[in-house]
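In what follows, a single structure is set out as structure tokens and then discussed.
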Number of protein chains: 2
Amino acid sequence: MQTAASEPIDGVFRALADPTRRRVIERLGRSAASASELAAPFDMTLQSFSEHLKALEDAGLVTSRKKGRVRTYSLAPKGLQVVEDWLSAQRTLWEQRLDQLDDYLVKLKETRS
Amino acid sequence: MQTAASEPIDGVFRALADPTRRRVIERLGRSAASASELAAPFDMTLQSFSEHLKALEDAGLVTSRKKGRVRTYSLAPKGLQVVEDWLSAQRTLWEQRLDQLDDYLVKLKETRS
DNA sequence: TAGATACTCAGGTCAATGCCTGAGCATCTA
DNA sequence: TAGATGCTCAGGCATTGACCTGAGTATCTA
């Protein structure tokens with residue numbers, strides 16, 4: 001029913017909608033870390049926490065490499081770019097809008113009856 | 001279980017995670033519009049569509065005023081600001097990170113065994 | 001090589017989401 | 001003032017999301 005098969009940006013926004021996952025991103029902004037290091041501050045089983053990491057990785061916000069039994073996560077440099085791009089497109093749209101002329105017309109139309 | 005009682009930014013990201021809702025934001029970037037005008041392009045009942053509008057309004061991304069039987073929606077000017085702020089904080093964090101020195105140390109620790 | 005460590009897999013619960021139908025209920029318009 | 005219009009309310013149903021427990025499977029370490 002949706003326009004297209006769930007765009008990648010959906011997953012990015014959905015991933016960022018969760019405070020746990022945002023905190024992971026914030027943490028990784030300081031340095032890379034293993035799954036259990038990342039999980040430590042959270043009152044949650046590692047299994048549950050891993051699903052958050054998976055969500056972040058699926059969204060392209062983080063990457064991971066496994067070395068021995070440890071999986072280390074890092075920020076994906078281009079991860080937040082999609083969001084920045086969408087935001088800046090919105091800003092542009094908004095700004096192009098010759099100082100709310102449209103709004104003025106809409107209000108006019110709405111008032112006139 | 002979560003850190004705090006679901007921060008406002010959660011709702012903003014959740015609202016933006018849905019392509020229908022993002023398209024509404026994009027549309028409103030051009031001009032304000034009524035619920036049914038906004039709904040027209042979507043293959044969905046108005047009732048369902050209204051829930052999307054409610055989600056956007058609850059998130060603070062749009063505002064609405066009702067005049068007669070028509071409810072007109074506009075972009076909330078400060079709506080996307082929270083997201084921009086969060087993103088720029090992340091960018092700052094990332095940049096402060098003296099050219100991946102931390103990553104270097106982590107990799108070192110990871111390799112050395 | 002036994003045991004601890006660091007995940008990983010396979011379920012299962014419960015609440016929230018996204019969509020629907022069927023009724024309203026005010027406003028406008030002819 | 002009857003009928004169309006533009007929303008709004010209530011409920012129901014299927015899917016997804018965020019947790020959990022329990023049970024592996026590699027890897028490291030003593």
Side-chain angles (χ1 to χ4, degrees), chain A residues 1-7 10-24 32-59 61-74 106 109-113, chain B residues 1-7 10-24 32-59 61-74 106 109-113:
Chain A
M1 199 108 325
Q2 228 68 268
T3 322
S6 207
E7 313 237 12
D10 288 9
V12 177
F13 278 120
R14 235 179 314 105
L16 295 175
D18 186 281
T20 299
R21 292 193 290 257
R22 277 200 312 281
R23 280 172 65 198
V24 170
S34 73
S36 28
E37 279 167 356
L38 291 170
F42 297 93
D43 184 17
M44 189 185 295
T45 64
L46 182 62
Q47 291 92 317
S48 300
F49 188 78
S50 285
E51 285 164 31
H52 286 301
L53 293 175
K54 181 173 188 320
L56 287 169
E57 191 157 24
D58 288 350
L61 290 167
V62 308
T63 56
S64 73
R65 284 169 307 121
K66 191 160 189 175
K67 171 105 190 184
R69 37 180 189 170
V70 178
R71 183 174 292 275
T72 300
Y73 288 85
S74 319
V106 166
K109 174 175 156 201
E110 178 191 304
T111 305
R112 176 194 57 194
S113 72
Chain B
M1 197 115 323
Q2 229 70 268
T3 323
S6 207
E7 314 237 12
D10 289 9
V12 178
F13 277 120
R14 234 179 315 105
L16 295 175
D18 186 282
T20 297
R21 293 193 289 257
R22 275 199 316 280
R23 279 171 66 197
V24 170
S34 72
S36 28
E37 280 167 355
L38 291 170
F42 297 93
D43 184 17
M44 189 184 297
T45 63
L46 181 62
Q47 291 92 316
S48 299
F49 188 77
S50 285
E51 286 164 32
H52 286 301
L53 292 176
K54 182 174 187 321
L56 288 170
E57 190 156 24
D58 288 351
L61 290 168
V62 308
T63 57
S64 72
R65 285 168 308 121
K66 191 161 188 173
K67 172 105 190 182
R69 40 182 187 169
V70 177
R71 184 173 290 275
T72 301
Y73 288 86
S74 319
V106 167
K109 175 176 156 200
E110 177 193 303
T111 306
R112 175 193 60 194
S113 73

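Chain letters run A, B, ... following the sequence lines, proteins first, then strands; residues in each count from 1.
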Return no unless some side-chain N or O of B/R69 is found under 4.0 Å from OP1 or OP2 of C/dC25. no
Side-chain N,O (B/K67) to OP1/OP2 (C/dT27) below 4.0 Å: no
What nucleotide, of D/dA18, C/dT17, C/dG18, holds the atom closest to the side chain of B/R21? C/dG18
In the structure I gave you, are the side-chain heavy atoms of A/R23 and A/T20 within less than 4.5 Å of one another anywhere? no
Could you check how far CZ of B/R71 sits from P of C/dC25, rounded to whole Å? 18 Å
Can you tell me if B/S34 touches the phosphate of D/dG6, counting only side-chain N or O atoms and a distance under 4.0 Å to OP1 or OP2? no
Assess whether one donor atom and one acceptor atom, taken from the side chain of B/Q47 and the base of D/dG6, lie less than 3.5 Å apart. no
Between P of C/dG18 and CG of B/D43, the distance in whole Å: 17 Å
Are any of the side-chain heavy atoms of B/H52 and B/F42 separated by less than 4.5 Å? no
To the nearest Å, give me how far apart CG (A/D10) and P (D/dG17) are. 11 Å
Which of the following nucleotides, C/dC20, D/dA18, C/dC7, is nearest to the side chain of A/E51? D/dA18
Check this one for me: any side-chain N or O of B/H52 less than 4.0 Å away from OP1 or OP2 of C/dT17? no
Over how many whole Å does the gap from A/L53 atom CG to C/dC9 atom P extend? 13 Å
Whether B/S48 contacts C/dC20 is assessed here as follows: a side-chain N or O lying under 4.0 Å from the phosphate OP1 or OP2. Is that the case? yes
Separation of C/dT17 C1' from B/L56 CG (nearest whole Å): 14 Å
Using side chain to side chain contact (heavy atoms under 4.5 Å, CB included) as the criterion, point out the one residue from B/L53, B/L46, B/V62 that pairs with B/L38. B/L53
Compare side-chain N and O positions of A/K66 against OP1 and OP2 of C/dT8 and report whether any pair is under 4.0 Å apart. yes
Donor-acceptor pair, distance only, cut-off 3.5 Å: does the side chain of A/R14 make one with the backbone of B/A17? no
Rounded to whole angstrom units, what separation is found between the CZ atom of B/R65 and the P atom of D/dG6? 18 Å
Value in whole Å for how far the P atom of C/dA16 lies from CG of B/D18: 18 Å
Between A/A55 and B/V70, which has a closest nucleotide on DNA chain D that is more 5'? B/V70
Tell me the interatomic distance from B/E37, atom CD, to D/dT5, atom C1', rounded to whole angstroms. 13 Å
Side-chain contact check for A/S36: nearest option of C/dT17, C/dA6, D/dC19 is C/dA6
Ignoring hydrogens and geometry, is there a side-chain-to-backbone donor-acceptor pair from B/R22 to B/L16 under 3.5 Å? yes
